[in-house]
Chemist: 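The structure follows.
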Amino acid sequence: MISKKMENMVANSSAIRAMFEEGNRLAGIYGAENVYDFSLGNPNVPAPEAVKEAIRELLDEENPVVLHGYTNSNAGYEDVRQAIAESLNNRFGTYFASKNITMTVGAAGGLNVILKSLLNPGDEVIAFAPYFGEYRSYTNNYDGVLVEISPDTATFQPKLDEFEAKITSKTKAVIVNTPNNPTGVVYSEETIQKMAAIMEAKQKEYQTDIYLVSDEPYRELAYDGVEVPYLTKYYANTVVGYSYSKSLSLPGERIGYLVIPDEAADSEKLIGAANVATRILGFVNAPTLQQKVVKKCLNEKTDISYYNRNRETLYNGLKELGFECIKPEGAFYLFVKSPVADEKEFCAAAKKYNVLIVPGSSFACPGYVRLAYCVSYETIVNSLPKFAELAAEYR
Ligand SMILES: Cc1ncc(COP(=O)(O)O)c(C=O)c1O
């Protein structure tokens, strides 16, 4: 018998993954070019050429025993962490050192490490709907309780009044994700300042530490020159979880890092806990070859112009067909209002045209659907007539 906890997890298993599998099934029947699969946030822009060169160089130059060995510290190679700290300091005017960086198995690994380090059973973790559904599972992994802030569907910016009202003496962490999956919204500096002021006041009121966890896999994917504030500069108790999955198109390589600044409450203990959590969660250390690769590619970025063209074409195309959605400023998702209240019904209707989209209830925001536009440009262009037929059903 599997555990009760896992029974529930399996029963509520990811609708996104299920949709992706459905896409593969349909591609087998109709041919991949006749399936419009917007289900998964799997980058379709190849990793920069520099990644390939870095891997080749490393295999030629480095001592294989070191390159493929366990790292001395579970936090990762010292030189890699130092290089990342310096790169962040140059970009954002911060003062990090290697000790402030813990290499992780992607952002997902980083979130698990930090929640394992912070949560006692019953501690509350706040997330703003719509949010990446895995936050619920990650919180549940450590017997935390996810507290949801309802969505502001006019702007998809965080509802700060509700946020303030829902912080309690048990609130241990607040997760923000900007640029956001699934809306593509970027939180403005003003929003972050207001959020920080609320959290400062609540820490004083309850005499507790409330950590802001900034989940940043999409930091480099911001369009039209929009600024994505670096959150450690606004609130001392901030931990950043970064990932190269989308910024370098390396999702399968599982590489990212946590930043735990000196200013964070109990920083030294928290860094030590993250180190141990990395080990005891079974990651042991982040993949070593990839640690060295990202060190060599710190100034590389994915080709954002590719996603931007998709964004413009899909957004304009759907708006012309009468669909309601806000224009994403970052990431590679479009969050579209379902023409019927039950968005699962809309997803099922879309499937008749081989169009695969994900229900907003997977992100705690029913009535909407998510389209991941990290697909080929042809898929976008060829899907629009299908969306037109779909729209016609609802006129
Ligand atoms: C908001 C968000 N956080 C975390 C992750 C996990 O990313 P990683 O591949 O870095 O573990 C994803 C992946 O899609 C995501 O969208």
Side-chain angles (χ1 to χ4, degrees), residues 5 102 107-108 110-152 156-178 180-181 183 185 187-216 229-242 258-274 277 281 363-365:
K5 217 169 168 178
T102 300
L111 286 168
N112 274 278
V113 164
I114 201 67
L115 293 176
K116 171 92 177 159
S117 304
L118 289 176
L119 296 186
N120 288 309
D123 280 352
E124 293 171 359
V125 176
I126 293 182
F128 298 90
Y131 56 82
F132 181 53
E134 299 289 47
Y135 294 160
R136 187 169 289 282
S137 313
Y138 301 160
T139 301
N140 183 264
N141 282 347
Y142 312 105
D143 297 321
V145 177
L146 193 88
V147 175
E148 209 169 278
I149 308 300
S150 66
D152 169 354
F156 289 111
Q157 291 285 334
K159 264 192 194 166
L160 295 178
D161 292 355
E162 188 178 330
F163 174 53
E164 188 168 19
K166 283 191 172 166
I167 298 178
T168 73
S169 59
K170 287 192 163 179
T171 306
K172 196 64 182 280
V174 176
I175 306 181
V176 294
N177 168 224
T178 163
N180 184 267
N181 173 11
T183 63
V185 156
Y187 294 179
S188 68
E189 184 175 47
E190 197 191 339
T191 301
I192 299 298
Q193 281 164 338
K194 285 184 185 160
M195 197 180 269
I198 292 170
M199 292 174 69
E200 297 280 6
K202 289 288 177 182
Q203 286 194 132
K204 277 208 188 95
E205 181 184 339
Y206 294 121
Q207 292 292 299
T208 53
D209 297 323
I210 306 173
Y211 292 85
L212 180 61
V213 177
S214 180
D215 179 27
E216 308 199 337
Y230 204 75
L231 300 197
T232 61
K233 290 162 61 172
Y234 300 88
Y235 182 71
N237 245 351
T238 299
V239 173
V240 175
Y242 186 84
L258 284 171
V259 184
I260 304 174
D262 290 342
E263 293 75 23
D266 276 330
S267 173
E268 238 172 85
K269 272 194 174 172
L270 187 54
I271 290 170
L281 285 173
F363 306 93
C365 189

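Fair warning: this is a prediction, and the values are worked out from it, not measured in the lab.
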Chemist: For Lys233, does the NZ atom have more than 12 heavy-atom neighbours from other residues, nucleotides or ligands under 6.0 Å away?
Modeler: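 Result for NZ/Lys233: enclosed.
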
Chemist: Could you check whether any side-chain heavy atom of Pro229 comes within less than 4.5 Å of a side-chain heavy atom of Tyr187, counting everything from C-beta outward?
Modeler: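 Counting from C-beta outward, Pro229 and Tyr187 never come under 4.5 Å.
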
Chemist: Fit a plane to each ring of Phe163 and Phe128, take the angle between them on a 0 to 90° scale, and name the class: parallel (under 30°), tilted (30 to 60°) or perpendicular (over 60°).
Modeler: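 Rings of Phe163 and Phe128: tilted, 30 to 60°.
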
Chemist: Please lay out, stage by stage, how Ile192 and Val176 fare under the test side chain to side chain contact (heavy atoms under 4.5 Å, CB included).
Modeler: CA-CA 10 Å; Ile192 299 298; Val176 294; 5.5 Å; no

Chemist: Give a yes or no answer on whether the side chain of Lys172 reaches the backbone of Leu118 with a donor-acceptor pair at less than 3.5 Å.
Modeler: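 Judged by distance alone, yes, a pair lies under 3.5 Å.
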
Chemist: Does the pair Met195 and Tyr235 meet the rule for a side chain to side chain contact (heavy atoms under 4.5 Å, CB included), with working shown?
Modeler: CA-CA 9 Å; Met195 197 180 269; Tyr235 182 71; over 6 Å; no

Chemist: Please name the residue in the list Lys159, Lys166, Arg136 that meets the salt bridge (charged side-chain N to carboxylate O under 4.0 Å, His left out) test with Glu148.
Modeler: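 It is Arg136; the other options fail the test.
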
Chemist: Hey, could you give me the OH/CD1 distance between Tyr131 and Ile149, rounded to the nearest 0.5 Å?
Modeler: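 Reported to 0.5 Å precision, the distance equals 10.5 Å.
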
Chemist: Got a second to check how far Gln203's CD is from Tyr211's OH, nearest 0.5 Å?
Modeler: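 Answer for the CD-OH pair, Gln203 versus Tyr211, is 8.5 Å.
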
Chemist: In the structure I gave you, are the side-chain heavy atoms of Ile260 and Ile114 within less than 4.5 Å of one another anywhere?
Modeler: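 Heavy-atom side-chain distance check passes, below 4.5 Å.
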
Chemist: Let me know which of Leu212, Val125, Ile198 forms a side chain to side chain contact (heavy atoms under 4.5 Å, CB included) with Val174.
Modeler: Leu212

Chemist: Which pair of non-hydrogen atoms, one from Ala196 and one from Tyr234, has the smallest distance, and what is that distance?
Modeler: CB-O, 3.4 Å

Chemist: To the nearest 0.5 angstrom, please state how far the CG atom of Leu115 sits from the OG atom of Ser137.
Modeler: 11.5 Å

Chemist: Quick check: closest heavy atoms across Pro158 and Thr191, and the distance to 0.1 Å?
Modeler: CG-CG2, 3.5 Å

Chemist: Return the OG to CG distance between Ser214 and Asn177, rounded to the nearest 0.5 Å.
Modeler: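 Output value for this atom pair is 8.0 Å.
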
Chemist: Do you know which two heavy atoms are closest between Thr238 and Ala264, and how far apart they sit?
Modeler: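 Minimum heavy-atom contact is O-CB, 4.5 Å.
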
Chemist: For the NZ atom on Lys5, are there more than 12 heavy atoms of other groups (residues, nucleotides or ligands in this structure) within a distance under 6.0 Å?
Modeler: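 Counting other residues, nucleotides and ligands, NZ of Lys5 exceeds 12 neighbours.
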
Chemist: Run the numbers on Thr171 and Val147 for side chain to side chain contact (heavy atoms under 4.5 Å, CB included), then give the verdict.
Modeler: CA-CA 9 Å; Thr171 306; Val147 175; over 6 Å; no

Chemist: How close do Ala107 and Asp215 get, heavy atom to heavy atom, and via which atoms?
Modeler: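 Heavy atoms only, the tightest pair is CB-OD1, 3.6 Å.
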
Chemist: When you measure from the side chain of Asn180 to the backbone N and O of Thr183, does any donor-acceptor pair fall under 3.5 Å?
Modeler: yes

Chemist: Output yes when a side-chain donor or acceptor of Glu162 lies under 3.5 Å from a complementary backbone atom of Ser150, and no otherwise.
Modeler: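 Checking the backbone N and O of Ser150 against the side chain of Glu162, a donor-acceptor pair under 3.5 Å is found.
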
Chemist: Are Glu190 and Ser188 close enough that a side-chain donor and a side-chain acceptor fall under 3.5 Å?
Modeler: no

Chemist: Where do Pro151 and Cys365 come nearest, in terms of heavy atoms and distance?
Modeler: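 That closest heavy-atom pairing would be CG-SG, 3.8 Å.
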
Chemist: Measure the CD-CG distance between Glu263 and Asn237 for me, rounded to the nearest 0.5 Å.
Modeler: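 That separation rounds to 10.0 Å.
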
Chemist: Are there over 12 heavy-atom neighbours, none belonging to Lys116, within less than 6.0 Å of that residue's NZ?
Modeler: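 No - once you tally the heavy atoms of other residues, nucleotides and ligands closer than 6.0 Å, there are 12 at most.
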
Chemist: Quick check against the 3.5 Å criterion: does Ser267 have a side-chain atom that pairs as donor or acceptor with the backbone of Pro261?
Modeler: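 Confirmed, Ser267 side chain pairs with Pro261 backbone.
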
Chemist: How close do Val213 and Ala173 get, counting heavy atoms only, and between which atoms?
Modeler: CG2-CB, 4.3 Å

Chemist: Hey, could you give me the OG1/CG distance between Thr139 and Leu146, rounded to the nearest 0.5 Å?
Modeler: 4.5 Å

Chemist: Side chain to side chain contact (heavy atoms under 4.5 Å, CB included), that's the test. Do Tyr135 and Leu111 meet it? Break it down for me.
Modeler: CA-CA 8 Å; Tyr135 294 160; Leu111 286 168; 3.7 Å; yes

